[in-house]
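Each residue takes its place number in the sequence, starting with 1. The model shown is predicted, which means the values in this text are computed figures rather than measured ones.
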Amino acid sequence: MLNIAIGIAAGAQPIVGYNYGAKNYGRVRELLKRMVQWTAVVGLVCIVLFEAIPGVFIRMFGSADDPVYFDFSVLCLRIYLSLILVTCVQKVCAIFLQSIAKAKAAAPLSVLRDALLIVFSLLIPVFMGVTGIFWAAPIADVLAAFFTAVVMVRIWKELGQEKKVNEPAAVIQPSRQGVIITIAREHGSAGKRIGQLVAEKLDIPCYYKELVAVAARESGLAEEFIVCIMGLKPSP
């Protein structure tokens with residue numbers, strides 16, 4: 001179930017990033033709604049199946065001949081996965097934040113639920129015994145969902161306030177004959193300086209961060225989006 005949710009979010013990630021870079025925030029909001037909607041539908045179906053026919057899933061991983069084992073497994077499945085829908089939606093929201101370059105919010109939310117699960121799995125059994133581990137998951141889900149909701153409400157409002165800038169239609173400039181040299185480099189390899197020296201020797205223009213402005217002007221995309229996909233730092 002969790003893999004399905006991650007698949008939905010990961011599949012929508014490039015579309016979300018593209019529209020966010022193009023400042024089409026209305027479409028970004030719509031995409032978020034669709035991601036959460038379909039994740040919730042799949043999650044709801046899974047919860048119904050886990051609660052209604054847990055034995056089917058238990059038999060996939062072990063024998064159901066021992067009634068003690070079977071009853072214990074049913075209890076575990078029904079409690080531990082009771083809020084799997086919430087888990088999946090929380091993961092989808094974290095991936096969505098990555099798509100719109102909100103890494104500072106996405107990173108902690110990505111690990112929040114798992115971190116809480118570990119903490120509660122250690123603490124709750126002290127008071128409730130072995131079965132306390134089962135309750136660690138839904139409790140972690142509720143807390144993670146609360147913090148995620150706080151962040152997502154703020155992001156949702158920001159997307160609603162940001163308006164798409166009316167920019168002139170992009171015009172692709174005609175190609176001109178000449179020499180074009182592209183330098184791929186690693187950090188610390190002095191690729192920029194090498195490019196400048198090569199340009200001086202060949203008497204051709206050298207573009208570095210200036211390329212971002214040119215690409216933004218001719219593509220109609222926001223400079224921030226192009227900076228992100230090129231791996232450059234924003235110009236001051």
Side-chain angles (χ1 to χ4, degrees), residues 1-50 81-117 137-138 140-167 169-170 172 212 215-216 218-234:
M1 168 56 205
L2 187 57
N3 289 335
I4 295 175
I6 293 175
I8 292 174
Q13 197 169 25
I15 306 174
V16 173
Y18 177 86
N19 283 280
Y20 185 78
K23 299 185 179 180
N24 195 340
Y25 302 119
R27 183 169 292 180
V28 173
R29 285 161 59 101
E30 184 62 27
L31 284 165
L32 174 60
K33 288 194 293 184
R34 293 292 180 88
M35 291 163 63
V36 173
Q37 173 187 345
W38 286 108
T39 300
V41 169
V42 176
L44 184 60
V45 171
C46 289
I47 287 178
V48 171
L49 293 176
F50 292 153
L81 299 180
S82 60
L83 293 181
I84 187 66
L85 184 156
V86 177
T87 305
C88 294
V89 171
Q90 194 265 340
K91 294 293 184 182
V92 165
C93 290
I95 295 175
F96 171 83
L97 292 174
Q98 295 175 10
S99 305
I100 60 174
K102 303 291 185 182
K104 290 183 179 180
L109 290 182
S110 297
V111 300
L112 177 61
R113 189 263 181 184
D114 297 329
L116 290 173
L117 178 60
D141 288 331
V142 170
L143 291 177
F146 171 77
F147 290 111
T148 301
V150 171
V151 174
M152 293 306 296
V153 167
R154 178 175 58 82
I155 297 297
W156 183 266
K157 291 180 179 179
E158 290 178 1
L159 292 173
Q161 294 170 353
E162 294 173 321
K163 304 296 181 182
K164 180 174 171 57
V165 178
N166 294 323
E167 298 175 345
I172 303 300
V212 174
E218 296 192 3
S219 67
L221 298 176
E223 288 192 17
E224 294 83 355
F225 177 69
I226 295 176
V227 166
C228 181
I229 61 176
M230 291 181 65
L232 300 173
K233 294 182 179 179

>> Could you report the tightest heavy-atom contact between Tyr20 and Val28, atom names first, then the distance?
In response: N-CG2, 3.6 Å
> Is there a donor-acceptor pair closer than 3.5 Å between any side-chain N or O of Gln90 and the backbone N or O of Phe147?
Replying inline: no
>> Less than 4.5 Å apart, side chain to side chain, heavy atoms only: is that true for Leu31 and Phe96?
In response: no
>> Are Ile6 and Ile95 packed together at the side-chain level, in the sense that at least one heavy-atom pair is separated by less than 4.5 angstrom?
In response: yes
> What are the two closest heavy atoms between Gly11 and Pro14, and how far apart are they?
Replying inline: O-CD, 3.6 Å
>> Pair Lys33, Glu30 - check salt bridge (Lys or Arg N to Asp or Glu O under 4.0 Å), show working.
In response: CA-CA 5 Å; Lys33 288 194 293 184; Glu30 184 62 27; 3.3 Å; yes
> To the nearest 0.5 Å, what is the distance between CG (Leu109) and SG (Cys93)?
Replying inline: 8.5 Å
> Can you name the nearest heavy-atom pair linking Ala144 to Leu112, along with the distance?
Replying inline: CA-CD2, 3.9 Å
> At what distance, to the nearest 0.5 angstrom, does OH of Tyr18 lie from CD1 of Ile15?
Replying inline: 11.5 Å
> So how far is it from Leu49 CG to Leu81 CG, rounded to the nearest 0.5 Å?
Replying inline: 12.0 Å
>> Would Val142 and Leu83 count as a side-chain contact (heavy atoms from CB on, under 4.5 Å) here? Give the steps.
In response: CA-CA 8 Å; Val142 170; Leu83 293 181; 3.7 Å; yes
>> Filter on salt bridge (charged side-chain N to carboxylate O under 4.0 Å, His left out), then keep only pairs touching residues 87-99, sequence neighbours left out; what's left?
In response: Lys91-Asp114
> Between Ala145 and Val86, which heavy-atom pair has the shortest distance, and what is it?
Replying inline: CB-CG1, 3.4 Å
>> Heavy-atom count check: over 12 atoms from other residues, nucleotides or ligands less than 6.0 Å from Arg29 CZ?
In response: yes
> How many angstroms lie between atom CG of Asp141 and atom CG of Leu117, to the nearest 0.5 angstrom?
Replying inline: 8.0 Å
> Under a 4.5 Å cut-off applied to non-hydrogen side-chain atoms, are Val151 and Lys102 in contact?
Replying inline: no
>> Return the CG to CG distance between Leu44 and Leu85, rounded to the nearest 0.5 Å.
In response: 6.5 Å
>> Among residues at least two apart in sequence or on other chains, which ones pass salt bridge (charged side-chain N to carboxylate O under 4.0 Å, His left out) with Arg154?
In response: Glu158
> Which heavy atom in Ala5 sits nearest to a heavy atom in Cys88, and how many Å separate them?
Replying inline: CB-CB, 3.5 Å
> Which heavy atom in Leu97 sits nearest to a heavy atom in Ala106, and how many Å separate them?
Replying inline: CB-CB, 3.7 Å
> Between OH of Tyr25 and CD1 of Ile100, what distance do you get to the nearest 0.5 Å?
Replying inline: 9.5 Å
